[in-house]
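As structure tokens, the structure follows; a few thoughts come after it.
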Number of protein chains: 2
Amino acid sequence: MRIGELAAATGVEPETIRYYEREALLAPPQRQANGYRDYGKQQLERLAFIRHCRALDIPLADIRQLINFLDQPDGDCGDIDRLIHAQLVRVRARLQSMRALEQQLTELRKRCDSRHAMTECGILHELVAAAHGEACICHGEFPITPIKP
Amino acid sequence: MRIGELAAATGVEPETIRYYEREALLAPPQRQANGYRDYGKQQLERLAFIRHCRALDIPLADIRQLINFLDQPDGDCGDIDRLIHAQLVRVRARLQSMRALEQQLTELRKRCDSRHAMTECGILHELVAAAHGEACICHGEFPITPIKP
DNA sequence: CTTGACCCTATAGTGACTATAAGGTTTTAA
DNA sequence: TTAAAACCTTATAGTCACTATAGGGTCAAG
């Protein structure tokens, strides 16, 4: 299987496949006589595994870990659980802040329900008010807060 | 006001302030005799405005736009509304996929409620099953799907 | 007079790709 | 048969919004 076929089979761009190889998530494949990469079914499954993990937003470094776990089948399963749990914690934190964000933007948008001149735009007004240190619909009494990672 | 004071006043790191200047979100400030940046109240408010927008996860390019709008007060307010709306659409899309993600990870974690050997770990099992193209708790019948941006 | 806290610029690193340049090979169509 | 297109190769740079580092200059306190 050439890289393009693998790409078509998995929905992963050839560039990305080569990137995974550079990042040591995929082993360097065999080469055809002309130097083209030659993949087998095993490689396809590994790539599918990676993509499945990525669909769960698991970072590449963690996927590398999971692959290591796969290769040593007598290890402790607790490591895997911890890894997935950590991911869940990350996702929940992000979810929290996204929910707040949606609220804030929805509120903000209500401030400008029809066309005004810029100077009378409720949205811009709110944004500027916040910049003056006033309480705002978005962030209450303390408008300027450090952004969480 | 020196850059450190501005940083303390806004909770933005000096590095980040200099970065905003390079990115033309903040005008180059006056300089003291020794070459140190010298900020006034206006600059502080502009920085607060930027941070407030960033707290709403608005990209720097869009903030540049908003600043342009601020500087021409006779423009059309509809542009602002469109910009905020676009941001809301982005946030909602991301929120959707984060919700799904939480579900999937929660389900996945249920597969391994106690300590097993690696080979019997339900989590790893599910992940590998998906890689084989089987239906999975995470993604149903079509486990490998392109990731949305 | 030296230590430490600031400030300056320029450059590189982060994560997970994505795009480009500059070339080689293979397949397809005229 | 030949020429174009569609593929492959490597290496390098760009994306976003910072963050960190290197290598220096300035300034007040002890």
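Everything quoted here is computed from the prediction, not taken from an experiment.
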**Q.** Any donor-acceptor pair under 3.5 Å from B:R51 side chain to B:A55 backbone
**A.**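 No: the side chain of B:R51 does not pair with the backbone of B:A55.
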How many whole angstroms separate atom [atom1] of [X] from atom [atom2] of [N]?
| X | N | atom1 | atom2 | answer |
| --- | --- | --- | --- | --- |
| A:E21 | C:dA16 | CD | P | 18 Å |
| B:E23 | D:dC18 | CD | P | 10 Å |
| B:Y39 | C:dC8 | OH | C1' | 12 Å |
| B:R90 | D:dC16 | CZ | P | 12 Å |
| A:L6 | D:dC8 | CG | P | 10 Å |
| A:D57 | C:dA16 | CG | C1' | 11 Å |
| B:L26 | D:dA17 | CG | C1' | 14 Å |
| A:I17 | C:dA19 | CD1 | C1' | 16 Å |

Please tell me if [X] has a side-chain N or O lying less than 4.0 Å from either OP1 or OP2 of [N].
| X | N | answer |
| --- | --- | --- |
| B:R31 | C:dT9 | yes |
| B:R2 | D:dC27 | no |
| A:R37 | D:dC8 | no |
| B:R64 | D:dC16 | no |
| B:N34 | D:dC27 | yes |

Would a 4.5 Å heavy-atom cut-off, applied to side chains only, mark [X] and [Y] as touching?
| X | Y | result |
| --- | --- | --- |
| A:L105 | A:E102 | no |
| B:R2 | B:L6 | no |
| B:R46 | B:K41 | no |

Q: Quick one: list whatever passes side chain to side chain donor-acceptor pair (under 3.5 Å) with B:R90, sequence neighbours left out.
A: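 Side chain to side chain donor-acceptor pair (under 3.5 Å) list for B:R90, sorted by chain: B:D62, B:Q87.
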Q. If you round to the nearest 0.5 Å, how far is OH of A:Y36 from CD1 of A:I3?
A.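 These two atoms lie 11.5 Å from each other.
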Are there any protein N/O atoms within less than 3.5 Å of an N/O atom in nucleotides 19-25 of chain D, and if so, which ones and at what distance?
residue	atom	partner	partner atom	Å
D:dG25	N2	B:Y36	OH	2.8

Q: Would you classify A:R18 as touching base, sugar-phosphate or nothing, given that sugar-phosphate means primed atoms plus P, OP1 and OP2, and contacts are heavy atoms under 4.0 Å?
A: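 Base contact.
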Q.
Mind checking if A:P59 touches a base, just sugar-phosphate, or nothing, with heavy atoms under 4.0 Å?
A.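 The answer is sugar-phosphate, as A:P59 gets under 4.0 Å only of primed atoms, P, OP1 or OP2.
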Q) What's the closest nucleotide to the A:I3 side chain, out of C:dT9, D:dT9, C:dC17? A)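 Shortest atom-to-atom distance from the side chain points to D:dT9.
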Q | Residues A:D38 and A:R31 bridged, charged N to O under 4.0 Å | A |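 No, this pair does not count.
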